[in-house]
Protein chains: 2
Amino acid sequence: MKTSFGEYIRKLRTENGMTLTQLAAQLELDSANLSKIENGKREFDEKRLEKLATVFSLKLDDIKTEFFSDLFAKKIYENNCSMETLMVAEEKVNYLKSKNVKQGEIKFNTNE
Amino acid sequence: MKTSFGEYIRKLRTENGMTLTQLAAQLELDSANLSKIENGKREFDEKRLEKLATVFSLKLDDIKTEFFSDLFAKKIYENNCSMETLMVAEEKVNYLKSKNVKQGEIKFNTNE
DNA sequence: ATTATATTTGTCAAATATTGACAAGTCTAA
DNA sequence: TTAGACTTGTCAATATTTGACAAATATAAT
């Protein structure tokens, strides 16, 4: 199981027989910095997730799952958060979704 | 159910009959900025979580749960992440914990 | 061993983002 | 109408992140 997003990118890259320089060019960044990203010494920039999906013909959703789960896991681990945090987060997402309904949908009044 | 960390602080503050100025002083920040925090226009600074726990005699762990779950929920909502993200995050936390064992504990070799 | 290519590491200025602080505004209740 | 509580806007100071480059190391082929 791959943990870090860096390792995930490295796996994708090597499996596709690309060098740092090649992938870096496609992602429009410096190969030295991509190296740091793969080695967990820099963060991958959120704004490049789409490019990454394109380069490897992956679903953006899957890349996002990989990216954000990694972000959350690191935060939880670093800050010694309880696992409950994730459960509460789930509730809150559901709350946000119910509150702020997508455009075009009918929003019924709820209590409060 | 309170969603935002700002609302959470406001609830604590009003329940304890404090003014913005009073709480801000205890947290060592400007009351104007605390107002923005409560109204979701600024982020509460992680480094003040402990002070917050002290002021209201709450367990730091509970405050952290509130704080980070809010952070995660917002990210997921804003970026339209799949709910799976949270499950994957949980797996990754467990992986990080098993990999990087706390000091003093014995670490047996695992596969890889 | 020597060259070429790939990767890693260090550094630093520039670009961005966050914060602290203050002034001026609204709102409410006495 | 004054006082206290809260809100909003702004901006310089500070902190963080990023892009870029040079130099070091590693790896592989000849």
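Each chain gets a letter, A, B and so on, in the order its sequence line appears, and its residues count up from 1.
Taking the side chain as every heavy atom from C-beta outward, B:Asn79 and A:Phe68 approach each other to under 4.5 Å. Looking at B:Lys92 and A:Glu66, their side chains come closer than 4.5 Å, going by heavy atoms from C-beta outward. For the pair A:Gln26 and A:Met18, the minimum side-chain heavy-atom distance is below 4.5 Å. At least one side-chain heavy atom of A:Leu29 sits under 4.5 Å from a side-chain heavy atom of A:Ile37. The shortest distance between side-chain heavy atoms of A:Leu71 and A:Phe44 does not fall below 4.5 Å. Side-chain contact between A:Leu23 and A:Ile9: present, with at least one pair of heavy atoms (C-beta onward) separated by less than 4.5 Å.
When the local axes at the two ends of the helix from C:dA1-D:dT30 to C:dA30-D:dT1 are compared, using 5 base pairs at each end, they differ in direction by 30° after rounding to 10°.
Taking side-chain N and O atoms only, B:Arg13 has a distance below 4.0 Å to OP1 or OP2 of D:dC6. Under 4.0 angstrom from either OP1 or OP2 of C:dT7 there lies no side-chain N or O belonging to A:Ser35. Between A:Arg48 and D:dG19 there is a side-chain polar atom (N or O) within less than 4.0 angstrom of OP1 or OP2. When the side-chain nitrogen and oxygen atoms of A:Lys41 are compared with OP1 and OP2 of C:dT9, one or more of them lie within a distance under 4.0 Å. Of the side-chain N and O atoms in A:Lys47, none sit less than 4.0 angstrom from OP1 or OP2 of C:dT16. For B:Asn39 and D:dT7, the shortest distance from a side-chain N or O to OP1 or OP2 is below 4.0 Å.
To the nearest angstrom, P of C:dA15 lies 16 Å from CG of A:Asp45. At whole-Å resolution of the value, CG in B:Asn33 and P in C:dA17 are 19 Å apart. Rounded to an integer number of Å, the gap from B:Leu34 CG to D:dT7 P is 9 Å. Atom-to-atom, CZ of A:Arg42 to C1' of D:dT16 comes out at 11 Å; the value is rounded to the nearest Å. If you measure from atom CD of A:Glu43 to atom C1' of D:dT16, you get 12 Å, rounded to the nearest angstrom. Straight-line distance from the CD1 atom of B:Ile37 to the C1' atom of C:dA21: 14 Å, rounded to whole Å.
The base of D:dT17 is not paired with the side chain of A:Lys36 by any donor and acceptor separated by under 3.5 Å.
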Table please: side-chain donor-acceptor pairs of residues 80-90 of chain B below 3.5 Å, with sequence neighbours left out.
residue, atom, partner, partner atom, Å
B:Ser82, OG, B:Glu84, N, 3.2
B:Thr85, OG1, B:Ser82, O, 2.6

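If you find the closest nucleotide of DNA chain C to B:Phe44 and to A:Arg10, the one lying nearer the 5' end belongs to A:Arg10. Nearer to the 5' terminus of DNA chain C, by closest-nucleotide assignment, is the contact made by B:Glu46 (compared with the other of B:Glu46 and B:Asp30).
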Practice item. Check the pair A:Leu49, A:Phe5 against side-chain contact (heavy atoms from CB on, under 4.5 Å), reporting the backbone distance first and the verdict last. Key: CA-CA 11 Å; A:Leu49 288 175; A:Phe5 195 67; 3.8 Å; yes
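To the nearest 0.5 Å, atoms NZ (B:Lys11) and CD (B:Glu38) are separated by 13.0 Å.
B:Asp70 and B:Ser4 make their closest contact through OD1-CA, 3.2 Å (heavy atoms, listed as atom of the first residue, atom of the second, distance).
Within a heavy-atom distance below 4.0 Å of DNA chain C, the residues of residues 15-29 of chain A found are A:Thr19, A:Leu20.
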